[in-house]
Amino acid sequence: MFKVRIRHLPGNEDLPLPRQMSAGASGFDIPAAVTEPVILSPGKRGLIPAGFALEMPQGLEAQVRPRSGLALKKGVTTLNSPGTIDADYRGEVGVILINHGEEPFTVRRGDRIAQLVFQEVPAVRLEPADDLASTARGAGGFGHTGK
Ligand SMILES: O=c1ccn([C@H]2C[C@H](O)[C@@H](COP(=O)(O)OP(=O)(O)OP(=O)(O)O)O2)c(=O)[nH]1
């Protein structure tokens, strides 16, 4: 179990904290912290504030992921999916939403627009090398095995 500290930014104490909607849910749903409704026209994107900031232990990240219901029913998703919240980021979490649907989409205060999933991030040091170990795949990629 990891402990992640969270604080509402001033003026957002009325919003619920992100929460898991079932005991086994991976994600903590993020309520929108817009003060006025925001309308995303078809094809448009916007940065929706979440109204809170996080303090994670080093070695964790938080991913901002879409909600499948919004994606399926409205065509609304997170553009940079998954968004990355770094362990050392102390600013307000934001959700970059895009409307791929045919209808305008309205974001209202408190709407659950995305979800936060916490992940462990291994410590990695990149080591410059002249040769890389060979494999059967080699440089094949991008669909080289066919359909
Ligand atoms: O969906 C997102 C993605 C990022 N962030 C915040 C937290 C993250 O730690 C910071 C930087 O994100 P990222 O590294 O993806 O952005 P960048 O474009 O590389 O900007 P920077 O140069 O600030 O790192 O922005 C969010 O609030 N929501």
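Just follow the structure's listing: the first ligand is 1, and inside any ligand the first atom is 1. If you read the sequence from its start, that first residue is 1, and numbering goes on from there. Owing to the predicted nature of the structure, the values given are computational and were not obtained by experimental measurement.
By the definition of a contact as any protein heavy atom under 4.0 Å away, atom 16 (O) of ligand 1 is not in contact. The protein reaches atom 9 (O) of ligand 1 closely, with a heavy atom under 4.0 angstrom from it. Within the 4.0 angstrom cut-off, atom 20 (O) of ligand 1 has no protein heavy-atom neighbours.
Counting only heavy atoms from C-beta outward, the side chains of Pro18 and Ile6 approach each other to under 4.5 Å. Using a 4.5 Å heavy-atom threshold, the side chains of His8 and Leu15 count as touching. The shortest distance between side-chain heavy atoms of Ile113 and Leu97 falls below 4.5 Å. Contact check for Ile85 versus Val64: side-chain heavy atoms found under the 4.5 Å cut-off.
Of all atoms in ligand 1, numbered sequentially from 1 with element shown, those under 4.0 Å from a heavy atom of Gly83 are 1 (O).
Under a 3.5 Å cut-off, the side chain of Ser41 and the backbone N or O of Lys44 do not form any donor-acceptor pair. Judged by distance alone, the side chain of Asp86 and the main-chain N or O of Asp88 form no donor-acceptor pair under 3.5 Å.
Glu36 CD to Arg109 CZ: the interatomic distance, rounded to the nearest 0.5 Å, is 10.0 Å.
With a 4.0 Å heavy-atom cut-off, ligand 1 is reached by no atom of Val95.
Around atom 26 (C) of ligand 1, the closest heavy atom drawn from Leu97, Ile85, Asp88, Val93 belongs to Ile85. Looking at Ile30, Ile96, Asn80, Ile48 and measuring to atom 3 (C) of ligand 1, the nearest heavy atom belongs to Asn80.
Closest approach of Thr78 to Arg65, counting heavy atoms only: OG1-C, 4.0 Å.
If you check which protein heavy atom lies closest to atom 4 (C) of ligand 1, you get Thr84 O, 3.2 Å. For atom 7 (C) of ligand 1, the nearest non-hydrogen atom of the protein is Tyr89 CD2, 3.4 Å. Scanning the protein heavy atoms around atom 28 (N) of ligand 1, the nearest turns out to be Gly94 O, 2.8 Å.
The N/O atoms of Asp86, backbone and side chain alike, include one that comes under 3.5 Å of an N/O atom in ligand 1.
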